[in-house]
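Not measured: the values here are computed from a predicted model.
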Amino acid sequence: MLVKIFAAAVQGISATLITIEVNCSKGIKFLVVGLPDASVKESQERMISALQFNGYKFPRKQIIINMSPADIRKEGSAYDLPLAIGVLAASEGLKSDMLADYIMMGELSLDGTILPVKGVLPIAILAKESGFKGFILPEENAKEAAVVEGLEVLGVKNIKEVVEFFNEGAEITPTFVDIDKEFLNHQSDYDFDFSDVKGQENVKRALEVAAAGGHNIVMIGPPGSGKSMMAKRMPSILPPFTVEEALETTKIHSVAGQIGTNTALMPQRPFRSPHHTISDVAMVGGGTYPQPGEISLAHNGVLFLDELPEFNRSVLEVMRQPLEDRRITISRAKFTVEYPASFMLVSAMNPCPCGYYNHPERDCVCAPGTVQRYLNKISGPLLDRIDIHIEIVPVPFEKISDRTAAEHSSEISKRVIAAREIQDERFKDTNGVYCNAQMTSKLLNKYALPDASGLQLMKTAMERLNLSARAYDRILKVSRTIADLENSEKVQPSHLAEAINYRNLDRETWASQ
């Protein structure tokens, strides 16, 4: 008997429908075709044990399974459940009249328990778009799939539940998700808050400007000055997720297998902080069967690179194009996948190898020329993509011991959201531009061109501080954001002066040791 079961394969952050054809006839051969990998071929042993443990017979016949389309690689153990159900149906041990209504995915353990799988959310979206009635999947993944409205999501613990559902009409309670409870009510539940930060008002201001305009930022300061502490609090002042952003970000983490069990939508923007020993592939994504890298896992959130000069030079260079294009394309001989990578880069570094160059109280012990060589580990083109450079000095004891409560993240976030709303209105008719950091030269001339006094200030600053030519556009972008924070239609000289102050590393005299 020939039956058809439906499953899915995940490519990039989207899913492709897989039709599993199972034919049971006379003979003793078991064969799986359609480009399966080793784990799919090994499913026979798991199916035999799972079915026998639950009182079902694995047919002693010739079983040929075709997974179509045959030119797409089928990998992983998530096909165990549909394969087992298909074998039972083809051997007439299961009624097949409702099989066409459902997509099924799940890994089988030897006792028939259905284990969680990756990439559930893209598959649920595919099931809805393809007109399926429901999606049968592991119970631990049910909340994630239930985000898709209009799809009957049936979470199951054991293969016996699935067999009884088709044979006897046994009830499986569909999973529903209350978006308000699971998503909206948890958007402000951050573990870190700027109220914990003592002093550093100028740095907190720079981080606020960066968040308001989507600007990349690097913090330079000695050990213990609070660089990592403040970076971890960046997500708490960014605008909250929209449902569309949360859905896209959750899809990426679902494909990477980094969504917790019993989790629906991600309520908060991601914060990724890879170690400086990370490889190129782990940063941008890839592998034989490409998976999302750190820049994609940070999509719609923050990518924090601590000890920036310690990262491998090639790792930093492969980020240059994604920083501009906000997506990464990974090509292989037979296929190409594209992952979104619209992240905010927050980085931190010591000013020199010993960490105490420009320290107000401690002397730098680095040899002459060492500071410049240390800074040269970061290429000019990468620094060109970082709008704000802010120098940090250690917090004095008086500030550390001060019991006065600092400003909460929620207050800073209100100003950031107001500035982002101005930018949303400004760029509503411009494709691909959502914040000031993405402005082109044409948009800069339209929205951020200073008046005569502002241009004179820029000229004086560039001459006296020996600012590089690449700093000009960056200063205009940042000054436009500062103007938005003050709800100013025009860029004023005071806005330019503050933006000029955020270009420490562009000053030729900064690393003159």
Find the distance between [atom1] ([X]) and [atom2] ([Y]) and round it off to the nearest 0.5 Å.
| X | Y | atom1 | atom2 | result |
| --- | --- | --- | --- | --- |
| I85 | I136 | CD1 | CD1 | 7.5 Å |
| L121 | L247 | CG | CG | 5.0 Å |
| E338 | S14 | CD | OG | 10.5 Å |
| L308 | H276 | CG | NE2 | 11.5 Å |
| K118 | M105 | NZ | CE | 11.5 Å |
| M349 | F311 | CE | CZ | 12.5 Å |

Pairwise side-chain contact, [X] with [Y], heavy-atom cut-off 4.5 Å (strictly under):
| X | Y | answer |
| --- | --- | --- |
| V87 | C24 | no |
| R474 | K477 | yes |
| M104 | L137 | no |
| V302 | P270 | no |

Salt-bridged, D384 to R320, with N to O below 4.0 Å?
no

Any salt bridge between D191 and K232, counting N to O under 4.0 Å?
no

Quick one: does any side-chain atom of [X] pair with a main-chain N or O of [Y] as donor and acceptor, under 3.5 Å?
| X | Y | answer |
| --- | --- | --- |
| S96 | V3 | no |
| S296 | P340 | yes |
| S413 | S409 | no |
| N141 | V117 | yes |
| N216 | L345 | yes |
| K143 | V177 | no |
| S279 | A282 | yes |

Heavy-atom closest contact ([X] atom, [Y] atom, distance):
| X | Y | result |
| --- | --- | --- |
| P239 | I417 | CA-CG1, 4.0 Å |
| S228 | D306 | OG-OD2, 2.8 Å |
| A84 | L108 | CB-CD1, 3.8 Å |
| K377 | P309 | CD-O, 3.4 Å |
| V281 | G287 | CG1-N, 3.7 Å |
| F194 | R233 | CE1-O, 3.3 Å |

Testing the 3.5 Å rule here: is there a donor-acceptor pair between the side chains of S379 and E317?
yes

Less than 3.5 Å apart, any donor N or O on the side chain of H408 or S410 sitting next to an acceptor on the other?
no

Once side chain to side chain contact (heavy atoms under 4.5 Å, CB included) is applied, do any residues pair with [X], and if so which ones, sequence neighbours excluded?
| X | answer |
| --- | --- |
| S49 | L110 |
| A8 | A15, I123, L126 |
| L2 | E21, N23 |

side-chain hydrogen bond (donor to acceptor under 3.5 Å, both in side chains) partners of residues 79-88, not counting sequence neighbours, each pair once
R46-D80

Could you go through I20 and K4, starting from their C-alpha distance and side-chain angles, then the distance that decides it, and tell me whether this counts as side-chain contact (heavy atoms from CB on, under 4.5 Å)?
CA-CA 6 Å; I20 301 174; K4 293 185 179 181; over 6 Å; no

Could you name each residue pair satisfying salt bridge (Lys or Arg N to Asp or Glu O under 4.0 Å) that touches residues 279-300, not counting sequence neighbours?
R272-E294

Pairs flagged by salt bridge (Lys or Arg N to Asp or Glu O under 4.0 Å) wherever residues 94-105 is involved - sequence neighbours left out:
none

For the pair I390 and L207, evaluate side-chain contact (heavy atoms from CB on, under 4.5 Å) and give the outcome as yes or no after the intermediate values.
CA-CA 9 Å; I390 184 71; L207 291 171; over 6 Å; no

Looking at Y447, I'd like to know if the NZ or CZ of R426 sits under 6.0 Å from its six-membered ring centre while staying within 45 degrees of the ring's axis.
yes

Check the pair N436, V478 against side-chain contact (heavy atoms from CB on, under 4.5 Å), reporting the backbone distance first and the verdict last.
CA-CA 8 Å; N436 289 335; V478 175; over 6 Å; no

Name all residues meeting the side-chain hydrogen bond (donor to acceptor under 3.5 Å, both in side chains) criterion together with R313; count only those two or more places apart in sequence or in a different chain, and write none if there are none.
none

Results of side-chain hydrogen bond (donor to acceptor under 3.5 Å, both in side chains) for T249 - residues two or more places apart only:
N300

Quick one: do D424 and K428 satisfy salt bridge (Lys or Arg N to Asp or Glu O under 4.0 Å)? Show the steps, please.
CA-CA 6 Å; D424 289 341; K428 65 181 180 181; over 6 Å; no

Pairs of donor and acceptor atoms involving the side chains of residues 28-44, under 3.5 Å and at least two apart or interchain, shall be tabulated with distances.
unit_1: D37; atom_1: OD1; unit_2: S39; atom_2: N; d: 3.3
unit_1: D37; atom_1: OD1; unit_2: S39; atom_2: OG; d: 2.9
unit_1: D37; atom_1: OD1; unit_2: V40; atom_2: N; d: 3.1
unit_1: D37; atom_1: OD2; unit_2: S39; atom_2: OG; d: 3.2
unit_1: D37; atom_1: OD2; unit_2: G76; atom_2: N; d: 3.2
unit_1: S39; atom_1: OG; unit_2: G76; atom_2: N; d: 3.0
unit_1: S39; atom_1: OG; unit_2: G76; atom_2: O; d: 3.4
unit_1: S43; atom_1: OG; unit_2: V40; atom_2: O; d: 2.6

Checking M344 against L303 for the side-chain contact (heavy atoms from CB on, under 4.5 Å) test, could you report, in this order, the C-alpha distance in whole Å, the side-chain angles of both residues, the deciding distance, and whether it holds?
CA-CA 6 Å; M344 180 178 168; L303 177 66; over 6 Å; no

List, one per line, each side-chain donor-acceptor pair under 3.5 Å for residues 149-159, sequence neighbours excluded.
unit_1: E152; atom_1: OE1; unit_2: Y102; atom_2: OH; d: 3.0
unit_1: N158; atom_1: OD1; unit_2: K160; atom_2: N; d: 2.9

Residues in ring-ring contact (aromatic ring centres under 6.0 Å, His included) contact with Y434, at least two apart in sequence or another chain:
none

T481 and its side-chain hydrogen bond (donor to acceptor under 3.5 Å, both in side chains) partner, picked from H215, Q423, R420
H215

With respect to H299, which candidate in R326, R327, E248 satisfies the side-chain hydrogen bond (donor to acceptor under 3.5 Å, both in side chains) definition?
E248

Only pairs under 3.5 Å count here: list side-chain donor-acceptor contacts from residues 51-61, not counting sequence neighbours, and write none if there are none.
unit_1: N54; atom_1: ND2; unit_2: A50; atom_2: O; d: 2.8
unit_1: N54; atom_1: ND2; unit_2: D111; atom_2: O; d: 3.1

Test side-chain contact (heavy atoms from CB on, under 4.5 Å), reference F6, set T19, I18, L99, output is T19

